[in-house]
Amino acid sequence: MVSQHIDEDEWLPLGKSLEVPVSARKQVEKMHNDDIIEKTHGLLTQWHQRFGSRATLEILLDALTDINVEDLYLILKNLSKEVASALDYEDQQ
């Protein structure tokens with residue numbers, strides 16, 4: 001989902017904001033140079049592999065705010081609220 005909303009000029013700033021190392025960003029760019037969706041997916045995969053459980057939705061939301069991708073920020077924020085609400089409802093049953 002995230003990969004489909006990041007433009008060519010946003011993926012590099014996203015990687016920087018998520019603190020993905022330059023070498024990893026270059027590797028992703030080399031592997032997926034012509035496909036922004038795959039490039040963004042590779043970037044997020046590198047971020048998750050590097051940070052593991054510290055690669056959280058909140059960190060991603062902060063990074064999206066840093067690079068001014070408000071539309072995706074709002075989509076993810078609303079989706080996370082819906083999931084939390086659904087989980088709360090299930091816990092009450």
Side-chain angles (χ1 to χ4, degrees):
M1 175 181 194
V2 173
S3 299
Q4 297 171 348
H5 291 272
I6 298 295
D7 294 332
E8 185 67 40
D9 60 336
E10 296 167 337
W11 89 272
L12 187 57
L14 178 62
K16 289 178 182 178
S17 186
L18 292 173
E19 300 178 7
V20 175
V22 172
S23 60
R25 294 193 309 257
K26 286 182 178 182
Q27 178 185 7
V28 167
E29 185 169 29
K30 185 177 180 180
M31 291 175 58
H32 306 291
N33 190 37
D34 295 331
D35 189 339
I36 186 58
I37 292 174
E38 288 299 319
K39 208 172 353 183
T40 304
H41 182 265
L43 178 74
L44 293 172
T45 299
Q46 289 287 333
W47 172 59
H48 185 259
Q49 288 174 347
R50 179 173 171 81
F51 290 97
S53 64
R54 294 179 295 143
T56 64
L57 177 60
E58 289 303 317
I59 300 294
L60 179 57
L61 291 173
D62 288 345
L64 293 172
T65 299
D66 288 347
I67 66 168
N68 297 316
V69 183
E70 297 299 322
D71 57 336
L72 182 54
Y73 171 89
L74 292 172
I75 291 168
L76 291 176
K77 191 71 172 175
N78 289 334
L79 184 59
S80 70
K81 287 179 184 179
E82 288 178 27
V83 169
S85 178
L87 291 174
D88 286 343
Y89 177 79
E90 285 181 12
D91 287 344
Q92 294 174 4
Q93 298 300 318

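Just so it is clear, the structure is predicted and the values come from calculations on it, not from any experiment.
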Does the side chain to side chain contact (heavy atoms under 4.5 Å, CB included) test come out yes or no for E58 and K77, once each step is laid out?
-> CA-CA 9 Å; E58 289 303 317; K77 191 71 172 175; 3.8 Å; yes

In Å and rounded to the nearest 0.5 Å, what is the [atom1] to [atom2] distance from [X] to [Y]?
{"X": "L61", "Y": "L74", "atom1": "CG", "atom2": "CG", "value": "9.5 Å"}
{"X": "L57", "Y": "D62", "atom1": "CG", "atom2": "CG", "value": "9.5 Å"}
{"X": "Y73", "Y": "L60", "atom1": "OH", "atom2": "CG", "value": "11.0 Å"}
{"X": "I37", "Y": "H5", "atom1": "CD1", "atom2": "NE2", "value": "9.5 Å"}
{"X": "I59", "Y": "R54", "atom1": "CD1", "atom2": "CZ", "value": "9.5 Å"}

Please answer: with hydrophobic residues joined when any side-chain heavy atoms are less than 4.5 Å apart, are M31 and L12 in the same cluster?
->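 No; tracing contacts between hydrophobic side chains, which count when under 4.5 Å, never links both residues.
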
Can you see which heavy atom on Q46 is nearest to which on V20, and at what distance?
->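 Scanning both residues, the minimum pair turns out to be CB-CG1, 4.1 Å.
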
Quick one: side chain to side chain donor-acceptor pair (under 3.5 Å) pairs with a partner in residues 7-33, sequence neighbours left out?
->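 Checked against side chain to side chain donor-acceptor pair (under 3.5 Å) - neighbours excluded - the pairs reaching residues 7-33 are E8-K39, S17-D66.
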
Full working for side chain to side chain contact (heavy atoms under 4.5 Å, CB included) between W47 and R50 | CA-CA 5 Å; W47 172 59; R50 179 173 171 81; 6.0 Å; no

Determine, stepwise, if the pair L44 / L18 fulfils side chain to side chain contact (heavy atoms under 4.5 Å, CB included).
-> CA-CA 9 Å; L44 293 172; L18 292 173; 3.9 Å; yes

H41 NE2: over 12 foreign heavy atoms closer than 6.0 Å =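 Atom NE2 in H41 is not packed in, count stays at 12 or less.
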
Run the side chain to side chain contact (heavy atoms under 4.5 Å, CB included) check on I6 and L64 step by step: do they pass?
-> CA-CA 10 Å; I6 298 295; L64 293 172; 4.0 Å; yes

